[in-house]
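Comments concern the structure below.
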Amino acid sequence: MTNHDTLRTFDLGNGKSGHFYSLPALEQAGLGAISRLPVSIRIVLESVLRNCDGKKVAWSDVESLARWEAKAPAAEEIPFVVARIVLQDFTGVPLLVDLAAMRSVVVKLDRDPGIIEPLVPVDLVVDHSVQVDFFGSGEALRLNLDLEFSRNRERYQFLKWGQQAFETFGVVPPGIGIVHQVNLEYLAKGVLSKEVEIANLKSRLFYPDTLVGTDSHTTMINGLGVVGWGVGGIEAEAGMLGQPVYFLTPEVVGVHLTGTLGDGVTATDLVLRITERLRQAKVVGKFVEFYGEGAAALAVTDRATIANMAPEYGATMGFFGIDDETVAYLRGTGRSDEHCQTFENYYKAQGLWGIPRQGAIDYSVEIELDLASVVPGVAGPKRPQDRIDLPALKDTFEALIEKPLADGGYGKTRESLELGFPVHLNGKENKNPTQSGDVVIKNGSVLIAAITSCTNTSNPSVMLGAALLAKKAVELGLKVNPAVKTSLGPGSRVVTDYLEKTGLQTYLDQLGFQTVGYGCTTCIGNSGPLHPALEEAITGNDLIAASVLSGNRNFEARVHQNIRANFLMSPPLVVAFALAGTVDIDLTSEPLGTTPEGKPVFLKDLWPSTEAIRTAMASALSPDVYRKLYSDFAGQNPKWNDVPSSTGEVYAWDSDSTYIQQPPFFENYTGKAGDIENISAARPLGIFGDSVTTDHISPAAAIKKTSPAGKFLTEHGVKQEDFNSYGSRRGNDRIMTRGTFANVRIKNLMLPSVEGGYTLYFGERLVGAPDKEIASTLGQPTFIYDAAMAYKQDGIPLVVIAGQEYGTGSSRDWAAKGTSLLGVKAVVAQSFERIHRSNLCGMGVLPLQFPEGVSAQTLELDGTETFDVVGLSNDIVPRQDVTLRINRRDGSSMDQTVKLRIDTPIEIDYYRHGGILPFVLGQLLAA
Ligand code: SF4
């Protein structure tokens with residue numbers, strides 16, 4: 001049989017019919033109990049079936065996935081051809097740079113540059129570049145946008161070039177919204193179609209909306225029943241050039257939701273509880289599917305909040321099926337009635353309608369969660385899975401203050417909590433004159449309070465909850481302490497529309513939560529500078545200052561370099577903690593402020609009822625508002641229109657640009673596969689502990705003046721105030737390579753007492769070595785980048801040694817690209833985060849894994865060793881064992897077996913070609 005045997009028609013609901021590849025027909029043909037497969041697996045199966053051409057996708061791939069075994073999924077590689085791609089600007093710009101570089105190579109080879117063209121629609125939303133420089137005034141939005149455009153002009157010119165050079169590449173300009181919220185509210189169609197010829201007749205073929213995105217939280221769209229997840233830019237690039245996204249057949253964890261949320265419990269409380277629960281259940285690398293009557297009763301916006309945090313609970317996806325709620329959301333957000341009818345009919349015809357009830361589906365593992373058991377809480381201060389019941393925050397924070405640094409605490413005394421440091425806020429010293437007067441700050445003082453992140457800004461219930469709480473606070477005469485940097489960063493202009501219509505925006509304004517920008521802001525670490533006097537007080541007194549934010553990530557230095565306690569929470573709690581001014585408080589029993597008359601005010605006095613939120617929400621889903629705000633972006637954004645851009649199919653690289661440079665990935669391009677060989681006498685560039693994030697490896701935040709990247713920019717005439725962030729300079733490999741392992745909080749255990757991007761260099765090249773012999777034996781402390789370049793000159797390969805969960809955090813292809821460009825040939829870790837492992841393969845860096853119980857510590861590595869990797873040849877197979885030979889300073893050596901974490905056959909091909917980009921380019925040139 002072939003996939004054509006499963007072609008069927010269905011009624012579109014407008015008197016016409018369309019074709020589809022039918023899953024029920026596949027089941028009738030005897031390919032297994034397909035109707036008992038998880039909905040997410042069936043949607044992937046539809047793609048495999050539809051794209052089965054005997055070349056990229058074989059019939060055996062269809063059979064293998066159709067016979068998915070819940071309890072023991074076969075370790076098969078699934079070729080998943082997605083329907084579209086979404087990008088944000090931090091990850092999208094380097095991807096466009098690579099596409100432009102490919103066109104330049106193709107032209108050099110005398111071929112048509114047009115062969116490099118995305119084969120599926122690509123949408124890039126510019127949301128990651130707005131920073132909170134201005135806040136607390138009605139002018140903040142305009143001033144931040146002005147700064148954003150002046151800082152990012154070169155990048156925006158480049159994006160506009162891309163928009164005209166590639167037919168299938170669209171850009172949503174700055175100031176419109178956050179990628180995942182824009183995807184949910186506008187880009188996602190739920191079902192797509194294209195014109196095809198069937199039996200010599202033209203017809204429309206319908207298929208599910210599926211995607212990958214270059215941002216971990218792409219999973220938010222799973223709340224709308226769309227299958228999709230975050231991949232590295234490298235994989236997305238291959239996907240847009242017609243390669244399937246490959247992944248191993250997953251286990252699917254079914255989470256059975258029962259009951260309903262209690263009064264006063266928010267969707268944020270629920271997602272933090274789910275994150276905690278699923279982290280314990282170890283769902284890393286698995287699909288999670290929510291089902292049962294509890295899931296069915298959740299609004300799509302609540303489902304999206306839960307789906308958003310899949311990376312935090314470790315899953316590939318957090319999926320909800322398709323039902324009446326899904327259609328109601330599509331209708332409410334302005335998708336046409338005709339489209340909604342077709343959407344409904346399609347999923348009904350596929351047998352994919354409805355959130356499954358218990359017993360209907362075979363899941364690999366089933367987990368129970370009663371929504372009624374969820375209570376308000378926060379998560380932090382460093383990891384999203386560390387949830388704390390609201391009443392326990394005070395005790396938890398105080399215990400952490402005393403806990404030694406080595407145990408994850410702050411290593412201070414309990415008495416230090418009492419010490420107050422007076423700070424004079426002179427309005428002239430910063431850009432926000434509203435932040436003035438005398439304040440006292442302590443350990444635990446809240447200095448940033450941000451309503452941020454698409455996780456929550458896409459959910460009107462929590463946004464309106466925050467606004468209603470602000471209303472009560474204003475009415476009772478409460479004020480926010482001037483030390484707190486307050487901000488509101490909605491994920492789309494729809495939020496402003498409903499906050500204005502309900503008359504609630506004014507209350508947020510009065511507490512300093514004016515809109516600062518329609519973008520990621522604090523969620524991505526673009527929290528902007530603190531008042532200089534506060535910065536000085538924190539660094540001068542080593543204070544543990546706090547941030548409270550409605551974001552999804554809080555690891556060290558993510559939110560702000562000098563704020564070390566970061567708590568995730570719902571938007572209403574953000575407002576409440578801003579009013580309290582401290583996290584060293586039990587908001588359930590202590591007052592968060594007093595009225596002008598001196599009467600204490602408690603959280604319960606401000607908390608809005610579920611009924612009040614529901615009433616306000618009636619105005620949130622107004623189809624006409626969505627239609628109006630999501631049309632004619634260019635016309636609505638004159639600043640974008642004013643950005644001049646070059647034209648033509650091939651980009652004219654400017655060698656003076658500090659933002660966009662032609663990357664060196666194709667420098668020695670031969671178009672042929674190379675030989676796989678052992679690695680010999682490699683030096684360690686770093687030995688790292690557990691949970692090294694992609695942000696540690698390739699930071700997104702500010703560039704320090706004294707760092708290699710800072711020095712490079714200064715040498716190229718860029719003033720410090722124009723450095724911008726690493727994230728915004730991802731189109732320039734020279735900055736990004738210098739920024740690799742440059743996070744100020746990374747700890748290289750080769751230099752145990754030092755924080756930041758330093759290593760020990762064992763060589764004679766670097767000036768300043770006190771004694772060449774000592775330096776080559778004991779090592780010379782230096783910047784990681786400088787050491788790597790010195791090793792490169794001598795042709796010495798490098799390795800990185802790491803602990804558990806290496807590369808966790810946001811998908812960030814520069815974490816792999818930078819590692820590769822530094823000359824690292826292998827990363828040996830106790831375990832890897834899924835995307836980062838695959839990105840390392842995609843950049844020609846070998847991921848190797850220690851066996852259980854073996855680590856740098858058990859092997860007593862101190863960085864003075866050299867390493868060989870033995871057993872590598874053209875005959876390697878995925879996940880085979882190889883040998884790591886450790887040659888110690890005293891002349892002894894030992895062999896340690898490690899697992900090759902090249903997981904799939906296609907990754908071996910990528911590795912042999914020097915990475916995925918040369919591999920794909922070769923395929924396109926050969927076509
Ligand atoms: S708001 Fe946060 S989670 Fe959402 S896209 Fe931006 S950085 Fe990612």
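Order of appearance sets the numbers: ligands from 1, and atoms from 1 within every ligand. Just so it is clear, the structure is predicted and the values come from calculations on it, not from any experiment.
Near Cys454, the atoms of ligand 1 lying under 4.0 angstrom from a non-hydrogen atom of the residue are 1 (S), 3 (S), 4 (Fe), 5 (S). Heavy-atom proximity to Asp215, at under 4.0 Å, picks out these atoms of ligand 1: 8 (Fe). Atoms of ligand 1 lying under 4.0 Å from at least one heavy atom of Asn552, given by number and element, are 3 (S). Each of the atoms 5 (S), 6 (Fe), 7 (S) of ligand 1 lies under 4.0 Å from some heavy atom of His128. Applying the 4.0 Å criterion to heavy atoms of Ile178 picks out, from ligand 1, the atoms 1 (S), 4 (Fe), 5 (S), 6 (Fe).
With a 4.0 Å heavy-atom cut-off, ligand 1 is reached by the side chain of His180 but not by its N, CA, C or O.
A 6.0 Å sphere centred on NZ of Lys639 holds more than 12 heavy atoms belonging to other residues, nucleotides or ligands.
Distance check, rounded to the nearest 0.5 Å: CE of Met569 to CG of Asn554 gives 10.0 Å.
A perpendicular orientation is assigned to the rings of Phe247 and Phe80, their planes being inclined by more than 60° (bins at 30° and 60°).
Of the protein's non-hydrogen atoms, the one nearest atom 2 (Fe) of ligand 1 is Cys523 SG, 2.3 Å.
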message: Please evaluate residues Phe90 and Tyr726 with respect to the criterion ring-ring contact (aromatic ring centres under 6.0 Å, His included), reporting the C-alpha separation (whole Å), side-chain torsions for both, the decisive distance (0.1 Å), and the verdict.
response: CA-CA 9 Å; Phe90 271 17; Tyr726 282 110; over 10 Å; no

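The residues Lys817 and Asp98 are annotated as salt-bridged, a charged nitrogen and a carboxylate oxygen being separated by less than 4.0 angstrom.
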